[in-house]
Enquirer: 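Here it is: the structure, laid out below.
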Amino acid sequence: MWSGAVAALAASTGRGDAQTTDASGSQAAAGNGGNFEPGHVVDLARQLAMRPFTAPPVDLPDQLANLTYDQYVGIRARPEGLLWSGQQRGFVVEPLPRGALFKDHVVLYVVVDGQVQRAPYKSANYDFGALPAPPEGKDIGFSGFRIFAGNGERPVQMAIFQGATFYRAMARGQNLGTVARTLTLRPGEVKGEEIPVFRAFWIEQPALAAETLVIHALIESESVTAAVRYTVRPGDMTIVDVEVTMFTRVAIDHVGWGGHAGTFLFGPASQRNVDDVRAAVFEVNGLQISNGRGEWLWRPVVNPQQLQLSAFVDSSPKGFGLLQRERSFAAFQDDSQRFDRRPSVWVEPLSDWGEGSVQLIEIPTESDVNDNIIAYWRPKAALAAGAEATYAYRQYWCWSIPEPPPLARVNLTRTGKGRGGRRRRFLVEFVGDALADPGRLAELKPALGAGKGAAITNLKLWPYPERKVMRVAFELDPGDEPLTELRLVLEAAGKPLSETWLYRWTA
């Protein structure tokens with residue numbers, strides 16, 4: 001049991017090491033030269049929560065603080081600035097300097113044979129290109145790190161931890177896209193979202209030819225502190241296990257677990273009269289949920305005219321995530337962004353999460369650089385001041401979810417003007433093996449409903465068994481309602497033949 005002053009605040013500003021002192025005065029924590037145990041980071045977070053939050057100073061030189069994003073990403077580490085380059089450990093890590101948007105100072109440690117070694121910043125380790133390099137000896141510090149996987153001459157980038165508590169990963173052959181949020185606090189609220197930040201990382205040096213990388217992190221905000229363990233396994237489906245121990249400084253009733261965010265500007269179901277050479281612009285096109293009642297839900301996302309908040313109430317969820325289901329280049333006609341190669345993200349709890357809801361936030365945007373679609377699990381129970389909470393989940397960065405249901409899935413949603421007034425026409429396309437079975441098709445019935453005050457008309461089915469496709473067309477008459485919730489599932493013999501399509505229409 002540690003006692004004495006916590007020096008973790010020093011780690012948050014780069015002015016010292018994250019460590020504590022035991023009763024005998026000897027170093028006992030996760031600072032430079034100390035012994036490392038995962039519990040050290042938990043203890044640091046616990047003790048840090050007992051102290052008032054102190055924002056770190058903004059001490060970045062103007063020549064780095066005022067860089068454009070394009071100038072900043074042009075800064076690259078030289079081989080001597082990489083961790084484990086050429087050592088055949090299965091991973092190479094590139095510490096990322098501060099600059100442009102990334103002004104927070106994050107302390108990086110490497111754990112070697114149970115001993116903590118601080119990663120030193122050296123300007124000579126970076127190629128600044130046409131930019132003037134900071135003077136040698138000036139400790140600019142780090143903002144995060146990039147991870148490369150592989151043992152060949154050119155390991156492949158597969159993840160990046162940088163900014164707030166954000167990180168991104170991808171499967172083999174993909175491009176970076178959706179952003180994970182380790183901790184989400186009060187998003188979408190009138191008083192504003194609280195943004196926690198990384199203060200320090202401890203990266204365990206992998207064994208030779210390792211396939212797993214373990215990372216520990218210390219997180220802090222005005223309301224909470226947290227210790228996190230990430231276990232990263234790259235591949236055709238990159239898996240990240242996330243274990244969080246969180247401590248509250250104040251009472252908090254809106255916290256998000258397993259949060260992640262992606263971009264949706266326009267697509268077949270949300271065109272918004274965008275004048276763009278591209279056919280569509282989105283890296284996620286829907287929210288998938290496997291709820292505790294055994295239902296599989298699919299909710300297409302949109303770029304709304306006004307902020308939209310949705311809550312899918314549940315108990316003991318099995319999984320959820322923002323997915324990119326469109327894998328055709330022709331659907332986007334974008335040679336540079338390649339939205340067809342962006343990862344889907346699927347979150348599975350590693351314990352019973354109890355009661356709560358999957359939250360979906362859709363934010364209006366005019367730009368494809370904004371992550372305007374956010375999904376996370378919000379537990380029902382609030383946390384009192386001084387509380388401790390633990391949770392864990394497995395995150396898949398993938399082309400498609402690991403164990404899809406044996407149901408037809410939604411392949412396409414399109415909307416357009418109806419026959420008059422406020423009417424809207426919808427086309428929903430399902431695809432699946434069951435839709436090629438004449439016997440099942442003979443029994444098939446669409447269960448389609450709308451909210452109070454709205455009516456469904458002109459319902460038609462268009463089966464294409466040779467393509468394993470069923471298209472459902474209908475018109476929505478919303479009446480005088482400002483919004484209505486739509487629900488559609490294909491059924492046969494009283495059982496679902498498809499996942500459940502959900503949609504919110506707004507005036």
Side-chain angles (χ1 to χ4, degrees), residues 6 8-9 11-13 41-42 44-58 98 101-107 143-144 161-168 178-201 217-228 230 242-262 307-311 322 347 353 356-365 370-391 393:
V6 177
L9 286 175
S12 71
T13 62
V41 185
V42 175
L44 282 172
R46 179 183 292 110
Q47 295 187 40
L48 185 58
M50 299 176 186
R51 300 167 63 98
F53 174 76
T54 302
V58 179
R98 298 161 69 206
L101 300 172
F102 306 107
K103 296 179 173 61
D104 289 330
H105 191 143
V106 177
V107 180
S143 62
F161 286 71
Q162 188 182 39
T165 62
F166 302 156
Y167 63 95
R168 294 187 290 172
T178 300
V179 178
R181 296 162 156 239
T182 309
L183 198 57
T184 304
L185 300 174
R186 300 199 314 264
E189 292 194 0
V190 175
K191 59 183 176 182
E193 182 177 358
E194 183 175 323
I195 307 294
V197 295
F198 290 122
R199 292 305 190 205
F201 288 98
L218 179 67
I219 287 173
E220 184 184 22
S221 75
E222 294 91 337
S223 300
V224 304
T225 66
V228 188
Y230 306 93
V242 184
E243 304 164 69
V244 181
T245 304
M246 184 175 66
F247 303 92
T248 60
R249 286 187 165 114
V250 299
I252 185 166
D253 64 355
H254 190 172
V255 60
W257 300 353
H260 49 288
L307 177 70
Q308 286 196 164
L309 308 176
S310 303
L322 295 173
V347 176
W353 281 5
S357 59
V358 175
Q359 302 271 317
L360 175 65
I361 301 177
E362 296 163 293
I363 305 168
T365 185
N370 295 325
D371 295 319
N372 63 313
I373 308 296
I374 304 171
Y376 58 96
W377 172 259
R378 179 179 179 178
K380 181 178 179 180
L383 293 171
E388 176 178 341
T390 61
Y391 58 94
Y393 54 90

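Count residues from 1 along the sequence.
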Enquirer: Check ring pair (Phe, Tyr, Trp, His ring centres under 6.0 Å) between Phe166 and all other residues, then give those that pass, not counting sequence neighbours.
Expert: none
Enquirer: With sequence neighbours excluded, what pairs up with Thr248 under the side-chain hydrogen bond (donor to acceptor under 3.5 Å, both in side chains) test?
Expert: none
Enquirer: Can you name the residues that form a salt bridge (Lys or Arg N to Asp or Glu O under 4.0 Å) with Lys103, not counting sequence neighbours?
Expert: none
Enquirer: State, without any angle test, whether Asn372 and Thr365 hold a side-chain donor-acceptor pair at a distance under 3.5 Å.
Expert: no
Enquirer: Tell me whether His260 contacts the main-chain N or O of Leu322 through its side chain, where contact means a donor paired with an acceptor under 3.5 Å.
Expert: yes
Enquirer: May I ask you to test the Phe198-Asp104 pair for a side-chain heavy-atom distance under 4.5 Å?
Expert: no
Enquirer: For a quick test of reading the model, state the closest non-hydrogen atom pair linking Thr178 to Arg168 and the distance between them.
Expert: O-CG, 3.3 Å
Enquirer: If I take atom CD1 from residue Ile363 and atom CG from residue Leu309, how far apart are they, to the nearest 0.5 angstrom?
Expert: 9.0 Å
Enquirer: Could you tell me which residues satisfy salt bridge (Lys or Arg N to Asp or Glu O under 4.0 Å) with Glu222, sequence neighbours excluded, listed by chain and number?
Expert: none
Enquirer: For a quick test of reading the model, state the closest non-hydrogen atom pair linking Thr225 to Ala45 and the distance between them.
Expert: OG1-O, 2.7 Å
Enquirer: Would you please name every residue forming a side-chain hydrogen bond (donor to acceptor under 3.5 Å, both in side chains) with Arg378, sequence neighbours left out?
Expert: none
Enquirer: List the atom of Glu194, the atom of Val224, and the distance in Å for their closest heavy-atom pair.
Expert: OE2-N, 4.4 Å
Enquirer: Using every non-hydrogen atom in the two residues, find where Ser143 and Arg98 come nearest and quote the distance to one decimal.
Expert: N-CG, 3.9 Å
Enquirer: Got a sec, which residues hit side-chain contact (heavy atoms from CB on, under 4.5 Å) with Pro379, two or more places apart in sequence or on another chain?
Expert: Val255, Trp257, Trp377
Enquirer: Using the side-chain hydrogen bond (donor to acceptor under 3.5 Å, both in side chains) criterion, which residues pair with Asp253? Sequence neighbours excluded.
Expert: none
Enquirer: Under 4.0 Å between a side-chain nitrogen and a carboxylate oxygen: does that hold for Arg249 and Glu220?
Expert: yes
Enquirer: Only counting residues at least two apart or in another chain, list the ones meeting ring pair (Phe, Tyr, Trp, His ring centres under 6.0 Å) with Phe247.
Expert: none
Enquirer: Considering non-hydrogen atoms only, spot the tightest contact between Leu185 and Ser221 and give its length.
Expert: CD1-OG, 3.5 Å
Enquirer: What pairs with Tyr376 under ring pair (Phe, Tyr, Trp, His ring centres under 6.0 Å), at least two apart in sequence or on another chain?
Expert: His254
Enquirer: Begin from the C-alpha positions of Leu360 and Ile373 and carry the test side-chain contact (heavy atoms from CB on, under 4.5 Å) through to its verdict.
Expert: CA-CA 7 Å; Leu360 175 65; Ile373 308 296; 3.9 Å; yes
Enquirer: With sequence neighbours excluded, what pairs up with Gln359 under the side-chain hydrogen bond (donor to acceptor under 3.5 Å, both in side chains) test?
Expert: Ser357
Enquirer: Taking all heavy atoms of Ala261 and all of Ile374, pick out the closest pair and write down the distance.
Expert: CB-CG1, 3.9 Å
Enquirer: Which residues satisfy the side-chain contact (heavy atoms from CB on, under 4.5 Å) test with Val242, sequence neighbours excluded?
Expert: Tyr167, Val228, Tyr230, Val240, Val244, Tyr393
